[in-house]
Amino acid sequence: MLIAAGGASHNPILPIWQELVIGTISFALLVFVLLKFVMPRMEAMYQARVEAIEGGLERAQAAQAEANKLLEQYKAQLAEVRTEAAKIRDDARADAENIRKDILAKAREESERIIAAGRESLEVERQTIVRELRAELGTLAVDLASRIVGESLADEARRRGTVERFLASLETAGAGAGGGTPVRTS
Amino acid sequence: MSEELVVAQDLPWPPSVEDFFPPPVAGPWVTKFGVMVWVAVALLLVFFLTAYRKPTLVPGRLQWMAESVYGLIRDGVARDQMGEAGIRFAPYLTVLFSFILLTNLFGIVPGLQISPNSHIAFPIVLAAISYVLYLAVGIRKHGLGTYLKRSLILPGVPWPMHFLLVPIEFLQNFVNRPVTLAVRLFANMFAGHLILLVFTVGGFVMLASDNLFIKVSSVSAFLLAILMAFFEALVAILQAYVFVVLSANYLSTSLAEEH
(Lines give C-alpha, C1' and ligand atoms only; values in the text may rest on other atoms or scores of the structure.)
Protein backbone atom coordinates (compact mmCIF):
# COMPACT_ATOMS: atom_id res chain seq x y z
CA MET A 1 0.00 0.00 0.00
CA LEU A 2 2.81 2.37 0.81
CA ILE A 3 4.35 1.41 -2.47
CA ALA A 4 1.05 2.15 -4.15
CA ALA A 5 0.90 5.54 -2.45
CA GLY A 6 4.24 6.20 -4.06
CA GLY A 7 2.43 6.82 -7.30
CA ALA A 8 2.15 3.65 -9.40
CA SER A 9 -1.51 2.66 -9.00
CA HIS A 10 -4.15 2.37 -6.30
CA ASN A 11 -6.67 -0.40 -5.82
CA PRO A 12 -9.84 1.20 -4.51
CA ILE A 13 -11.02 -2.11 -3.02
CA LEU A 14 -8.02 -2.37 -0.69
CA PRO A 15 -8.17 -0.14 2.36
CA ILE A 16 -5.28 2.13 3.32
CA TRP A 17 -4.34 0.96 6.79
CA GLN A 18 -3.63 4.46 8.14
CA GLU A 19 -7.18 5.40 7.18
CA LEU A 20 -8.52 2.39 9.03
CA VAL A 21 -6.73 3.67 12.13
CA ILE A 22 -7.86 7.26 11.63
CA GLY A 23 -11.42 6.15 10.99
CA THR A 24 -11.50 3.91 14.05
CA ILE A 25 -10.03 6.50 16.42
CA SER A 26 -12.04 9.46 15.20
CA PHE A 27 -15.32 7.59 15.05
CA ALA A 28 -14.67 6.01 18.44
CA LEU A 29 -14.07 9.47 19.87
CA LEU A 30 -17.29 10.75 18.31
CA VAL A 31 -19.28 7.79 19.60
CA PHE A 32 -17.74 8.00 23.05
CA VAL A 33 -18.39 11.71 23.58
CA LEU A 34 -21.90 11.73 22.13
CA LEU A 35 -22.99 8.53 23.86
CA LYS A 36 -21.62 9.75 27.16
CA PHE A 37 -22.62 13.41 27.18
CA VAL A 38 -25.42 13.97 24.70
CA MET A 39 -27.50 10.92 23.88
CA PRO A 40 -28.54 9.93 27.43
CA ARG A 41 -29.80 13.45 28.01
CA MET A 42 -31.55 13.37 24.66
CA GLU A 43 -33.33 10.14 25.52
CA ALA A 44 -34.20 11.53 28.95
CA MET A 45 -35.55 14.68 27.35
CA TYR A 46 -37.48 12.56 24.89
CA GLN A 47 -39.05 10.56 27.69
CA ALA A 48 -39.77 13.69 29.70
CA ARG A 49 -41.48 15.23 26.71
CA VAL A 50 -43.52 12.11 26.01
CA GLU A 51 -44.49 12.04 29.66
CA ALA A 52 -45.32 15.73 29.67
CA ILE A 53 -47.52 15.33 26.63
CA GLU A 54 -49.13 12.13 27.78
CA GLY A 55 -49.46 13.49 31.29
CA GLY A 56 -51.12 16.60 29.91
CA LEU A 57 -53.48 14.49 27.84
CA GLU A 58 -54.23 12.30 30.81
CA ARG A 59 -54.84 15.30 33.00
CA ALA A 60 -57.12 16.80 30.40
CA GLN A 61 -59.01 13.53 30.10
CA ALA A 62 -59.29 13.26 33.85
CA ALA A 63 -60.59 16.82 34.05
CA GLN A 64 -63.05 16.06 31.27
CA ALA A 65 -64.23 12.93 33.05
CA GLU A 66 -64.53 14.86 36.29
CA ALA A 67 -66.54 17.58 34.57
CA ASN A 68 -68.80 15.00 32.96
CA LYS A 69 -69.30 13.29 36.29
CA LEU A 70 -70.17 16.57 37.95
CA LEU A 71 -72.56 17.42 35.15
CA GLU A 72 -74.29 14.07 35.51
CA GLN A 73 -74.42 14.57 39.23
CA TYR A 74 -75.93 18.02 38.85
CA LYS A 75 -78.43 16.76 36.34
CA ALA A 76 -79.43 13.93 38.65
CA GLN A 77 -79.71 16.33 41.56
CA LEU A 78 -81.75 18.74 39.50
CA ALA A 79 -84.11 15.98 38.42
CA GLU A 80 -84.38 14.84 42.01
CA VAL A 81 -85.12 18.35 43.18
CA ARG A 82 -87.71 18.76 40.45
CA THR A 83 -89.53 15.57 41.38
CA GLU A 84 -89.33 16.55 45.01
CA ALA A 85 -90.75 19.98 44.30
CA ALA A 86 -93.53 18.41 42.28
CA LYS A 87 -94.21 16.03 45.13
CA ILE A 88 -94.27 18.86 47.65
CA ARG A 89 -96.61 20.82 45.43
CA ASP A 90 -98.92 17.86 45.06
CA ASP A 91 -98.80 17.21 48.77
CA ALA A 92 -99.56 20.84 49.52
CA ARG A 93 -102.45 20.79 47.10
CA ALA A 94 -103.78 17.62 48.66
CA ASP A 95 -103.28 19.06 52.13
CA ALA A 96 -105.09 22.26 51.21
CA GLU A 97 -107.95 20.27 49.81
CA ASN A 98 -108.13 18.19 52.94
CA ILE A 99 -108.02 21.25 55.15
CA ARG A 100 -110.71 22.92 53.14
CA LYS A 101 -112.89 19.85 53.40
CA ASP A 102 -112.24 19.63 57.12
CA ILE A 103 -113.08 23.27 57.69
CA LEU A 104 -116.21 22.99 55.62
CA ALA A 105 -117.30 19.90 57.45
CA LYS A 106 -116.60 21.51 60.78
CA ALA A 107 -118.44 24.70 59.86
CA ARG A 108 -121.39 22.73 58.66
CA GLU A 109 -121.37 20.71 61.81
CA GLU A 110 -121.06 23.84 63.89
CA SER A 111 -123.93 25.57 62.14
CA GLU A 112 -126.08 22.50 62.48
CA ARG A 113 -125.14 22.31 66.11
CA ILE A 114 -126.03 25.99 66.64
CA ILE A 115 -129.32 25.61 64.82
CA ALA A 116 -130.19 22.51 66.82
CA ALA A 117 -129.31 24.28 70.07
CA GLY A 118 -131.46 27.28 69.11
CA ARG A 119 -134.37 25.05 68.29
CA GLU A 120 -133.99 23.16 71.50
CA SER A 121 -133.86 26.32 73.64
CA LEU A 122 -136.85 27.70 71.79
CA GLU A 123 -138.79 24.52 72.47
CA VAL A 124 -137.78 24.55 76.11
CA GLU A 125 -138.80 28.19 76.44
CA ARG A 126 -142.12 27.53 74.75
CA GLN A 127 -142.86 24.65 77.03
CA THR A 128 -141.96 26.64 80.17
CA ILE A 129 -144.14 29.48 78.95
CA VAL A 130 -146.98 27.06 78.23
CA ARG A 131 -146.53 25.46 81.64
CA GLU A 132 -146.48 28.85 83.36
CA LEU A 133 -149.43 30.03 81.39
CA ARG A 134 -151.41 26.93 82.27
CA ALA A 135 -150.71 27.39 85.92
CA GLU A 136 -151.49 31.04 85.83
CA LEU A 137 -154.58 30.52 83.75
CA GLY A 138 -155.91 28.04 86.31
CA THR A 139 -155.44 30.42 89.18
CA LEU A 140 -156.81 33.23 87.13
CA ALA A 141 -159.86 31.21 86.19
CA VAL A 142 -160.39 30.22 89.81
CA ASP A 143 -159.88 33.79 90.81
CA LEU A 144 -162.30 35.03 88.22
CA ALA A 145 -164.89 32.44 89.10
CA SER A 146 -164.70 33.22 92.77
CA ARG A 147 -165.01 36.85 92.02
CA ILE A 148 -167.96 36.27 89.77
CA VAL A 149 -169.61 34.10 92.36
CA GLY A 150 -168.70 36.41 95.17
CA GLU A 151 -170.15 39.54 93.63
CA SER A 152 -173.83 40.02 93.35
CA LEU A 153 -175.22 38.55 90.29
CA ALA A 154 -177.69 41.41 90.03
CA ASP A 155 -175.09 43.86 89.66
CA GLU A 156 -174.61 43.29 85.99
CA ALA A 157 -172.78 46.45 85.48
CA ARG A 158 -170.21 45.73 88.15
CA ARG A 159 -169.73 42.22 86.86
CA ARG A 160 -169.04 43.56 83.48
CA GLY A 161 -166.56 45.94 85.01
CA THR A 162 -164.80 43.09 86.77
CA VAL A 163 -164.36 41.24 83.56
CA GLU A 164 -163.01 44.27 81.88
CA ARG A 165 -160.50 44.74 84.64
CA PHE A 166 -159.48 41.09 84.48
CA LEU A 167 -158.83 41.28 80.84
CA ALA A 168 -156.87 44.43 81.26
CA SER A 169 -154.80 42.79 83.98
CA LEU A 170 -154.23 39.87 81.63
CA GLU A 171 -152.91 42.18 79.00
CA THR A 172 -150.64 43.90 81.40
CA ALA A 173 -149.36 40.48 82.54
CA GLY A 174 -148.17 40.10 78.92
CA ALA A 175 -149.36 36.57 78.28
CA GLY A 176 -149.47 35.73 74.55
CA ALA A 177 -151.66 33.55 72.39
CA GLY A 178 -150.94 30.50 74.58
CA GLY A 179 -153.42 31.64 77.22
CA GLY A 180 -156.19 32.14 74.67
CA THR A 181 -157.56 28.63 74.44
CA PRO A 182 -157.93 27.96 78.19
CA VAL A 183 -159.62 31.32 78.56
CA ARG A 184 -162.18 30.47 75.86
CA THR A 185 -162.95 26.99 77.23
CA SER A 186 -163.48 28.14 80.79
CA MET B 1 -8.64 14.13 -29.45
CA SER B 2 -8.83 13.76 -25.70
CA GLU B 3 -5.10 13.08 -25.45
CA GLU B 4 -4.37 16.37 -27.13
CA LEU B 5 -6.79 18.17 -24.79
CA VAL B 6 -5.21 16.73 -21.66
CA VAL B 7 -1.92 17.96 -22.83
CA ALA B 8 -3.33 21.33 -23.75
CA GLN B 9 -5.41 22.07 -20.63
CA ASP B 10 -3.71 19.78 -18.10
CA LEU B 11 -7.11 18.28 -17.28
CA PRO B 12 -7.15 14.74 -15.87
CA TRP B 13 -9.17 13.22 -18.63
CA PRO B 14 -10.64 10.62 -18.58
CA PRO B 15 -11.35 10.38 -14.80
CA SER B 16 -9.56 7.46 -13.22
CA VAL B 17 -9.07 5.73 -9.90
CA GLU B 18 -6.07 7.97 -9.31
CA ASP B 19 -8.45 10.93 -8.93
CA PHE B 20 -9.54 9.36 -5.65
CA PHE B 21 -6.03 9.42 -4.25
CA PRO B 22 -4.81 12.99 -4.09
CA PRO B 23 -1.23 13.42 -2.91
CA PRO B 24 -0.98 13.45 0.92
CA VAL B 25 -0.82 16.81 2.68
CA ALA B 26 1.90 15.65 5.03
CA GLY B 27 2.75 11.98 5.03
CA PRO B 28 0.30 9.07 5.06
CA TRP B 29 -1.30 10.21 8.32
CA VAL B 30 -2.35 13.65 7.19
CA THR B 31 -4.29 13.26 3.96
CA LYS B 32 -7.34 15.05 2.61
CA PHE B 33 -9.46 12.08 3.62
CA GLY B 34 -8.09 11.87 7.15
CA VAL B 35 -8.58 15.60 7.66
CA MET B 36 -12.14 15.41 6.31
CA VAL B 37 -13.01 12.66 8.78
CA TRP B 38 -11.61 14.69 11.67
CA VAL B 39 -13.53 17.73 10.44
CA ALA B 40 -16.73 15.66 10.30
CA VAL B 41 -16.16 14.42 13.84
CA ALA B 42 -15.45 17.94 15.07
CA LEU B 43 -18.53 19.39 13.35
CA LEU B 44 -20.79 16.70 14.80
CA LEU B 45 -19.33 17.13 18.28
CA VAL B 46 -19.79 20.89 18.12
CA PHE B 47 -23.32 20.54 16.74
CA PHE B 48 -24.58 18.06 19.29
CA LEU B 49 -22.77 19.54 22.27
CA THR B 50 -24.01 23.03 21.43
CA ALA B 51 -27.52 21.82 20.72
CA TYR B 52 -27.65 19.94 23.98
CA ARG B 53 -25.73 22.29 26.20
CA LYS B 54 -28.88 23.44 27.94
CA PRO B 55 -31.73 21.18 26.84
CA THR B 56 -35.22 22.37 27.58
CA LEU B 57 -38.56 20.64 27.38
CA VAL B 58 -39.65 23.10 24.72
CA PRO B 59 -36.65 22.89 22.39
CA GLY B 60 -34.84 25.75 20.73
CA ARG B 61 -33.99 25.68 17.06
CA LEU B 62 -30.71 23.81 17.34
CA GLN B 63 -31.98 21.41 19.97
CA TRP B 64 -35.02 20.72 17.82
CA MET B 65 -32.77 19.84 14.87
CA ALA B 66 -30.67 17.49 16.97
CA GLU B 67 -33.78 15.89 18.37
CA SER B 68 -35.30 15.49 14.94
CA VAL B 69 -32.33 13.36 13.88
CA TYR B 70 -32.53 11.38 17.10
CA GLY B 71 -36.31 11.00 16.81
CA LEU B 72 -36.04 9.83 13.20
CA ILE B 73 -33.55 7.09 14.11
CA ARG B 74 -35.14 6.25 17.46
CA ASP B 75 -38.71 5.82 16.24
CA GLY B 76 -38.20 5.34 12.52
CA VAL B 77 -35.32 2.85 12.65
CA ALA B 78 -34.56 1.45 16.11
CA ARG B 79 -38.11 0.94 17.32
CA ASP B 80 -39.39 0.11 13.87
CA GLN B 81 -36.81 -2.65 13.36
CA MET B 82 -36.31 -3.97 16.88
CA GLY B 83 -39.34 -2.91 18.88
CA GLU B 84 -39.13 -1.32 22.32
CA ALA B 85 -36.02 -3.38 23.12
CA GLY B 86 -34.17 -1.61 20.32
CA ILE B 87 -34.44 1.87 21.75
CA ARG B 88 -31.25 1.33 23.73
CA PHE B 89 -29.41 1.11 20.39
CA ALA B 90 -30.93 4.36 19.16
CA PRO B 91 -28.10 6.56 20.51
CA TYR B 92 -25.40 4.61 18.67
CA LEU B 93 -27.47 4.38 15.50
CA THR B 94 -28.06 8.13 15.64
CA VAL B 95 -24.34 8.84 15.88
CA LEU B 96 -23.69 6.37 13.06
CA PHE B 97 -26.35 7.96 10.87
CA SER B 98 -25.14 11.50 11.53
CA PHE B 99 -21.53 10.56 10.78
CA ILE B 100 -22.32 8.73 7.53
CA LEU B 101 -24.72 11.43 6.39
CA LEU B 102 -22.24 14.24 6.99
CA THR B 103 -19.28 12.43 5.41
CA ASN B 104 -21.47 11.44 2.44
CA LEU B 105 -22.57 15.03 1.97
CA PHE B 106 -18.92 16.09 1.78
CA GLY B 107 -19.11 14.63 -1.71
CA ILE B 108 -21.09 17.62 -2.94
CA VAL B 109 -19.68 20.32 -0.66
CA PRO B 110 -17.73 22.81 -2.76
CA GLY B 111 -14.05 22.71 -1.88
CA LEU B 112 -14.19 19.18 -0.52
CA GLN B 113 -16.05 17.59 -3.44
CA ILE B 114 -15.39 14.04 -2.31
CA SER B 115 -16.78 11.83 0.40
CA PRO B 116 -14.36 10.07 2.77
CA ASN B 117 -16.58 7.04 2.31
CA SER B 118 -15.29 6.68 -1.26
CA HIS B 119 -12.19 5.27 0.39
CA ILE B 120 -13.25 1.80 1.50
CA ALA B 121 -11.32 2.03 4.77
CA PHE B 122 -13.99 4.16 6.45
CA PRO B 123 -17.02 2.06 5.44
CA ILE B 124 -15.03 -0.99 6.59
CA VAL B 125 -14.56 0.53 10.04
CA LEU B 126 -18.26 1.37 10.34
CA ALA B 127 -19.40 -2.00 9.02
CA ALA B 128 -17.00 -3.80 11.33
CA ILE B 129 -18.48 -2.01 14.34
CA SER B 130 -22.02 -2.97 13.28
CA TYR B 131 -20.79 -6.54 12.68
CA VAL B 132 -19.16 -6.87 16.09
CA LEU B 133 -22.16 -5.21 17.70
CA TYR B 134 -24.77 -7.56 16.30
CA LEU B 135 -22.62 -10.62 16.95
CA ALA B 136 -22.00 -9.52 20.53
CA VAL B 137 -25.69 -8.77 21.11
CA GLY B 138 -26.69 -12.17 19.70
CA ILE B 139 -24.12 -14.10 21.73
CA ARG B 140 -24.94 -12.21 24.90
CA LYS B 141 -28.64 -12.80 24.51
CA HIS B 142 -28.63 -16.45 23.49
CA GLY B 143 -25.15 -17.76 24.29
CA LEU B 144 -22.63 -18.68 21.60
CA GLY B 145 -23.98 -22.15 20.80
CA THR B 146 -27.62 -21.18 20.61
CA TYR B 147 -26.80 -18.07 18.62
CA LEU B 148 -24.81 -20.04 16.04
CA LYS B 149 -27.55 -22.67 15.86
CA ARG B 150 -30.18 -20.02 15.35
CA SER B 151 -28.12 -18.29 12.71
CA LEU B 152 -27.10 -21.36 10.75
CA ILE B 153 -29.83 -23.96 11.05
CA LEU B 154 -33.21 -23.26 9.54
CA PRO B 155 -35.99 -25.04 11.37
CA GLY B 156 -38.41 -27.33 9.56
CA VAL B 157 -36.02 -28.38 6.81
CA PRO B 158 -35.26 -32.03 5.87
CA TRP B 159 -31.85 -32.87 7.37
CA PRO B 160 -29.92 -33.56 4.12
CA MET B 161 -30.70 -30.01 3.07
CA HIS B 162 -28.55 -28.72 5.90
CA PHE B 163 -25.39 -29.71 3.99
CA LEU B 164 -26.45 -27.10 1.50
CA LEU B 165 -28.18 -24.58 3.75
CA VAL B 166 -25.68 -24.27 6.59
CA PRO B 167 -22.87 -22.93 4.39
CA ILE B 168 -25.30 -20.62 2.64
CA GLU B 169 -26.64 -19.31 5.94
CA PHE B 170 -23.12 -18.92 7.25
CA LEU B 171 -22.06 -16.98 4.20
CA GLN B 172 -25.17 -14.84 4.38
CA ASN B 173 -25.09 -14.03 8.10
CA PHE B 174 -21.39 -13.84 8.83
CA VAL B 175 -19.72 -12.86 5.57
CA ASN B 176 -22.12 -11.17 3.22
CA ARG B 177 -23.73 -8.90 5.76
CA PRO B 178 -20.64 -6.92 6.81
CA VAL B 179 -19.06 -7.03 3.37
CA THR B 180 -22.14 -5.75 1.58
CA LEU B 181 -22.66 -3.14 4.28
CA ALA B 182 -19.18 -1.73 3.66
CA VAL B 183 -19.08 -2.19 -0.10
CA ARG B 184 -22.56 -0.72 -0.67
CA LEU B 185 -21.64 2.53 1.00
CA PHE B 186 -18.19 2.67 -0.55
CA ALA B 187 -19.39 1.88 -4.07
CA ASN B 188 -22.19 4.41 -3.97
CA MET B 189 -19.87 7.19 -2.90
CA PHE B 190 -17.16 6.08 -5.31
CA ALA B 191 -19.54 5.92 -8.27
CA GLY B 192 -21.16 9.19 -7.33
CA HIS B 193 -17.86 10.99 -7.32
CA LEU B 194 -16.92 9.37 -10.62
CA ILE B 195 -20.18 10.54 -12.20
CA LEU B 196 -19.64 14.09 -11.01
CA LEU B 197 -16.09 13.98 -12.34
CA VAL B 198 -17.25 12.72 -15.71
CA PHE B 199 -19.74 15.55 -16.16
CA THR B 200 -17.74 18.45 -14.70
CA VAL B 201 -14.29 17.59 -16.05
CA GLY B 202 -15.90 16.41 -19.28
CA GLY B 203 -17.67 19.74 -19.50
CA PHE B 204 -14.40 21.61 -19.17
CA VAL B 205 -12.79 19.37 -21.76
CA MET B 206 -15.64 20.12 -24.18
CA LEU B 207 -15.42 23.83 -23.42
CA ALA B 208 -11.74 23.78 -24.33
CA SER B 209 -12.48 22.23 -27.68
CA ASP B 210 -11.76 24.10 -30.89
CA ASN B 211 -14.96 22.81 -32.39
CA LEU B 212 -17.75 25.35 -31.72
CA PHE B 213 -20.47 22.67 -31.60
CA ILE B 214 -18.64 20.71 -28.90
CA LYS B 215 -17.90 23.95 -27.03
CA VAL B 216 -21.63 24.82 -26.93
CA SER B 217 -22.65 21.28 -26.00
CA SER B 218 -20.57 21.57 -22.83
CA VAL B 219 -23.54 23.46 -21.35
CA SER B 220 -25.52 20.21 -21.25
CA ALA B 221 -22.62 18.52 -19.46
CA PHE B 222 -22.59 21.23 -16.77
CA LEU B 223 -26.37 21.07 -16.42
CA LEU B 224 -26.14 17.34 -15.97
CA ALA B 225 -23.37 17.85 -13.43
CA ILE B 226 -25.68 20.12 -11.39
CA LEU B 227 -28.51 17.62 -11.72
CA MET B 228 -26.20 14.82 -10.62
CA ALA B 229 -25.07 16.87 -7.63
CA PHE B 230 -28.68 16.97 -6.41
CA PHE B 231 -28.96 13.29 -7.17
CA GLU B 232 -25.84 12.69 -5.12
CA ALA B 233 -27.38 14.57 -2.20
CA LEU B 234 -30.29 12.16 -2.38
CA VAL B 235 -27.94 9.18 -2.56
CA ALA B 236 -25.95 10.52 0.39
CA ILE B 237 -29.05 10.65 2.59
CA LEU B 238 -30.39 7.37 1.28
CA GLN B 239 -27.14 5.46 1.80
CA ALA B 240 -26.74 6.78 5.34
CA TYR B 241 -30.29 5.68 6.06
CA VAL B 242 -29.83 2.28 4.41
CA PHE B 243 -26.64 1.62 6.38
CA VAL B 244 -28.37 2.38 9.65
CA VAL B 245 -31.56 0.49 8.79
CA LEU B 246 -29.58 -2.62 7.81
CA SER B 247 -27.47 -2.41 10.97
CA ALA B 248 -30.67 -2.18 13.00
CA ASN B 249 -32.13 -5.06 11.04
CA TYR B 250 -29.11 -7.27 11.75
CA LEU B 251 -29.34 -6.32 15.40
CA SER B 252 -33.01 -7.28 15.39
CA THR B 253 -32.20 -10.77 14.05
CA SER B 254 -29.75 -11.14 16.93
CA LEU B 255 -32.41 -10.04 19.38
CA ALA B 256 -35.21 -12.11 17.88
CA GLU B 257 -36.66 -15.00 19.85
CA GLU B 258 -37.62 -16.97 16.75
CA HIS B 259 -35.41 -17.76 13.81
Side-chain angles (χ1 to χ4, degrees), chain A residues 1-70, chain B residues 16-18 20-21 23-24 27-31 33-35 37-42 44-45 47-49 51-53 55-59 63 66-67 69-71 74-75 87-88 90-92 94-96 98-99 116-126 128-129 182-183 186-187 190:
Chain A
M1 204 53 55
L2 282 172
I3 301 160
S9 74
H10 290 93
N11 187 343
I13 287 296
L14 295 176
I16 301 168
W17 71 269
Q18 289 94 339
E19 284 185 354
L20 286 178
V21 176
I22 290 170
T24 309
I25 294 171
S26 57
F27 188 67
L29 176 75
L30 179 70
V31 168
F32 174 76
V33 174
L34 289 188
L35 254 56
K36 191 165 175 65
F37 296 111
V38 175
M39 292 303 167
R41 295 164 76 194
M42 212 179 267
E43 176 65 25
M45 186 56 64
Y46 212 87
Q47 294 289 352
R49 190 166 301 136
V50 166
E51 258 161 43
I53 291 166
E54 277 177 1
L57 283 179
E58 257 165 39
R59 273 197 296 281
Q61 274 171 356
Q64 183 74 44
E66 178 84 18
N68 281 344
K69 214 179 77 183
L70 274 179
Chain B
S16 73
V17 170
E18 293 310 313
F20 289 84
F21 296 92
W29 291 101
V30 188
T31 59
F33 281 69
V35 170
V37 168
W38 282 114
V39 166
V41 167
L44 287 174
L45 283 178
F47 171 68
F48 277 107
L49 288 173
Y52 248 66
R53 198 180 38 179
T56 49
L57 202 59
V58 180
Q63 188 191 341
E67 278 175 6
V69 179
Y70 181 67
R74 180 189 189 270
D75 295 338
I87 286 175
R88 67 194 165 106
Y92 173 69
T94 306
V95 177
L96 182 66
S98 317
F99 180 76
N117 292 327
S118 59
H119 273 196
I120 198 167
F122 301 111
I124 282 177
V125 169
L126 301 177
I129 294 172
V183 169
F186 153 73
F190 189 88

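Since this is a predicted model, take the numbers as computed values, not measurements. Every chain is numbered from 1 and lettered A, B, ... according to where its sequence line falls, protein lines coming before strand lines.
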Requested in this report: Go through the atoms of B:D75 and report whether side chain, backbone, both or neither lie under 4.5 Å from a heavy atom of chain A.
Outcome: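 Contact with chain A involves the side chain of B:D75 alone.
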Requested in this report: Side chain from CB out, backbone as N, CA, C, O: work out which of these in B:R74 comes under 4.5 Å of a heavy atom of chain A, or both, or neither.
Outcome: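 Side chain only.
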**Report entry** Distance in Å, A:E58 CD paired with A:Q61 CD, rounded so as to fall on 0.5 Å steps
**Finding:**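 One finds 7.0 Å between CD of A:E58 and CD of A:Q61.
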Among [options], which has the most heavy-atom pairs under 4.5 Å with chain A?
options: B:G71, B:S98, B:A90; result: B:G71
options: B:V183, B:I124, B:L57; result: B:L57
options: B:P59, B:S118, B:A128; result: B:P59
options: B:I120, B:L126, B:I129; result: B:I120
options: B:V17, B:V37, B:I87; result: B:V17
options: B:A121, B:G34, B:A66, B:A51; result: B:A121

Requested in this report: I would like to know whether A:V33 and B:L49 meet side-chain contact (heavy atoms from CB on, under 4.5 Å); could you show each step before the answer?
Outcome: CA-CA 9 Å; A:V33 174; B:L49 288 173; 4.2 Å; yes
Query raised in the report: Side chains of B:F99 and B:V41: closer than 4.5 Å at any heavy-atom pair?
Result: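 In short, these two side chains touch, coming nearer than 4.5 Å.
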Report task. Answer yes or no: is there a side-chain heavy-atom contact under 4.5 Å between B:F21 and B:H119? Result ->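 Contact flag for B:F21/B:H119 side chains = yes.
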Query raised in the report: At a heavy-atom separation under 4.5 Å, does A:A48 approach chain B through its side chain, its backbone, both, or neither?
Result: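 Both backbone and side chain.
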Query raised in the report: Is there a side-chain hydrogen bond (donor to acceptor under 3.5 Å, both in side chains) between A:E43 and A:Q47 once you walk through the steps?
Result: CA-CA 6 Å; A:E43 176 65 25; A:Q47 294 289 352; 2.8 Å; yes
Requested in this report: Let me know which of B:F33, B:F190, B:F186 forms a ring pair (Phe, Tyr, Trp, His ring centres under 6.0 Å) with B:F20.
Outcome: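 Among B:F33, B:F190, B:F186, the one that satisfies the ring pair (Phe, Tyr, Trp, His ring centres under 6.0 Å) with B:F20 is B:F190.
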Requested in this report: On the 0 to 90° scale, with breaks at 30° and 60°, tag the B:Y70-A:Y46 ring pair as parallel, tilted or perpendicular.
Outcome: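 B:Y70 vs A:Y46 ring planes: perpendicular.
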Report task. Determine the option with the most heavy-atom pairs under 4.5 angstrom with chain B, choosing from A:P12, A:A52, A:A28. Result ->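 So the answer, after comparing A:P12, A:A52, A:A28, is A:P12.
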